[in-house]
There are 2 protein chains.
Amino acid sequence: MEVYKNQKKQFYVENYSIAHLFSFHVEMEVHEYGRDEWIIQEGMRPHYLFYVLEGKAKIYVTHQNGKVSLINFINENEYIGEMELLNDVYYTKGIQATTKTICFAIPYHRYRNQLLDDNKFLRELTKFLSLKATFMAAKYSQSLAFPLENRLADFILQTADEGLYKEKHVTVCDYLGVSYRHLLHVLTQFCEKQFLQKEGRNYRIIQPQSLHELAGALRNG
Amino acid sequence: MEVYKNQKKQFYVENYSIAHLFSFHVEMEVHEYGRDEWIIQEGMRPHYLFYVLEGKAKIYVTHQNGKVSLINFINENEYIGEMELLNDVYYTKGIQATTKTICFAIPYHRYRNQLLDDNKFLRELTKFLSLKATFMAAKYSQSLAFPLENRLADFILQTADEGLYKEKHVTVCDYLGVSYRHLLHVLTQFCEKQFLQKEGRNYRIIQPQSLHELAGALRNG
DNA sequence: TAATGAATATGAGATATCTCATATTTTCGA
DNA sequence: TCGAAAATATGAGATATCTCATATTCATTA
């Protein structure tokens, strides 16, 4: 982890300003986390509210039976640590940078009360949280109502880059909550059905409409 | 649905005041919904923000494949319709009263802007939403990481009334996302293992500690 | 009170998904 | 550059869960 100083810091403060999210001046730090580095350790309360400027991260939770769930991805322009800002009692999930990640870090001890009094900030945060809650509810009900086939089709379409799917299997297992073996099994089926075609370690989408059909089943009414 | 008037209305306005949740005066209606009545219809935008005073309700969503998910229960002192207040685009879930339910109903058209400008209100709402998001995330990851056995044990302990479990099977299936057949199967296992004992259509808990062990596996850390 | 629909119940076979064992390939630090 | 760790790959058997078929009991209402 690196805390930017001087010109480096200045660059982000000037070019990525999020002053419009607050109605008062907030003096923030700029942190950089390397790929795979932990921004917040599971079970440990963070000291900052983060706002992601560049990069992406993953939210992990470890269960007692040893299984690990990748609860969600965090992208640019999203908050990290907002749960701890709001709730005194909260089991902190682990947040790991997927790529190099640069974020603003707002120290709780200094700004907590001011933030909670700031209408502008709260309004944005409320929207963010409502979307988060909705998203989790959707994922939850989908995970129970549909087999991997549908959820994987959706995930492939969402993460593919120019028609090429190249996610790490292990990450996907944690995210979709299935075993490595089963994921490979369904991927093989997709290839047999000619929805995908292997290209080295990646998979090329050759029948997007079939995947769209499978993924479409997840959508409501 | 009945809209209370005069003394009936007065009674709730005076005895269940939620004035402390706002920093301005809100003129609200008092609605009563009968058991099994729909407070909000799936797919239809509501016109009110509700606050439950008495009774409880269920949030349902219907999937394209016909499966129905009971996303969550709503209890006294919780909001209904807050998602629609915050987000212009939102797929509205169905809300059904489980028992007779009485709630305050705050008309959007009149108060929407004022509510979103009210710091007191937003702060509470933010907390409510953060808990909701956290809860859904927990349920989601648990549903993927644990078999029904553990989740059902937890559910039984949470809903049992004086050691007697008497939920409707169909409701539980929708909530835990499993088939009727499988739910019965696991319940039978619990009886065979002497965790539960059937009493008519209900089940008496006779080995709470065994259930607590199963349920405890869901907890973090 | 009869009739109808909801809720409970149970069996049997199918399928989705898991666990474990093991092999190969790739990546990356010492 | 070598070796360890990570990622990919595949087989085989086990188990969790689903679907469908069919009864029985209970509650509600015409």
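Chain identifiers are assigned alphabetically (A, B, ...) following the order of the sequence lines, protein sequences preceding nucleic acid strands; residue numbering begins at 1 within each chain.
By the salt bridge (charged side-chain N to carboxylate O under 4.0 Å, His left out) test, B/D154 pairs with B/R219, sequence neighbours left out. For B/P208, the side chain to side chain contact (heavy atoms under 4.5 Å, CB included) partners are B/I205, B/H212, not counting sequence neighbours. Judged as a salt bridge (charged side-chain N to carboxylate O under 4.0 Å, His left out), and not counting sequence neighbours, A/K100 has no contacts. Scanning for side chain to side chain contact (heavy atoms under 4.5 Å, CB included) contacts around A/R35 gives A/K168, with sequence neighbours left out. When the side chain to side chain contact (heavy atoms under 4.5 Å, CB included) test is applied to A/T134, the partners found at least two apart in sequence or on another chain are B/M83, B/Y90, B/K93. Under the ring pair (Phe, Tyr, Trp, His ring centres under 6.0 Å) criterion, A/F146 pairs with B/H63, sequence neighbours left out.
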Dot-bracket, DNA chain D: Watson-Crick or G-U, under 3.5 angstrom, [ ] crossing, | other strand?
||||||||||||||||||||||||||||||
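Note on residues 73-87 of chain B: pairs passing salt bridge (charged side-chain N to carboxylate O under 4.0 Å, His left out), not counting sequence neighbours, are B/E82-B/K132.
Straight-line distance from the OH atom of B/Y180 to the P atom of C/dG11: 14 Å, rounded to whole Å. D/dT17 atom P lies 14 Å from atom CG of B/L184, rounded to whole Å. To the nearest angstrom, P of C/dT8 lies 10 Å from CD of B/E167. Distance NE2 (A/H182) to C1' (D/dT17): 12 Å, rounded to an integer number of Å. Atom CG of A/N65 is separated from atom P of D/dA16 by 13 Å (rounded to the nearest Å). Atom CG in A/D36 sits roughly 11 Å away from atom P in C/dG29 (whole-Å rounding). Between the NE2 atom of A/H185 and the P atom of D/dT10 there is a distance of 12 Å, given to the nearest Å. Between the CG atom of B/L183 and the P atom of D/dA16 there is a distance of 15 Å, given to the nearest Å.
A centroid separation of 6.0 Å or more is found between the aromatic rings of A/F104 and A/H31. With ring centers used as reference points, B/Y4 lies under 6.0 Å from B/Y12.
Between the side chain of B/Q207 and the backbone N or O of B/L196 there is no donor-acceptor pair closer than 3.5 Å. No donor-acceptor distance shorter than 3.5 angstrom exists from the side chain of B/S17 to the backbone of B/E14, with no hydrogens or angles considered.
For the segment residues 145-154 of chain A, the set of residues with a heavy atom within less than 4.0 Å of an atom of DNA chain C comprises A/P147, A/L148, in numerical order. Remark: A/G177, A/V178 in residues 168-178 of chain A come within less than 4.0 Å of DNA chain C through at least one heavy atom.
In terms of position on DNA chain D, the residue among B/Q189 and B/K67 whose nearest nucleotide sits closer to the 5' end is B/Q189.
The pair B/E149-B/K193 meets the salt-bridge criterion, with a side-chain N (NZ, NE, NH1 or NH2) lying under 4.0 Å from an Asp/Glu carboxylate O.
Interatomic distance, A/I95 CD1 to A/F50 CZ, rounded to the nearest 0.5 Å: 9.0 Å.
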Side-chain donor-acceptor distances from residues 173-192 of chain A under 3.5 Å, at least two apart:
{"from": "A/Y175", "atom 1": "OH", "to": "A/K139", "atom 2": "NZ", "distance (Å)": "3.3"}
{"from": "A/S179", "atom 1": "OG", "to": "A/H182", "atom 2": "N", "distance (Å)": "3.2"}
{"from": "A/T188", "atom 1": "OG1", "to": "A/L184", "atom 2": "O", "distance (Å)": "2.7"}

Using a 4.0 Å cut-off on protein heavy atoms (strictly under), produce a 5'-to-3' string for nucleotides 20-30 of chain D with B for base contact, S for backbone-only sugar-phosphate contact, and - for none.
------S----
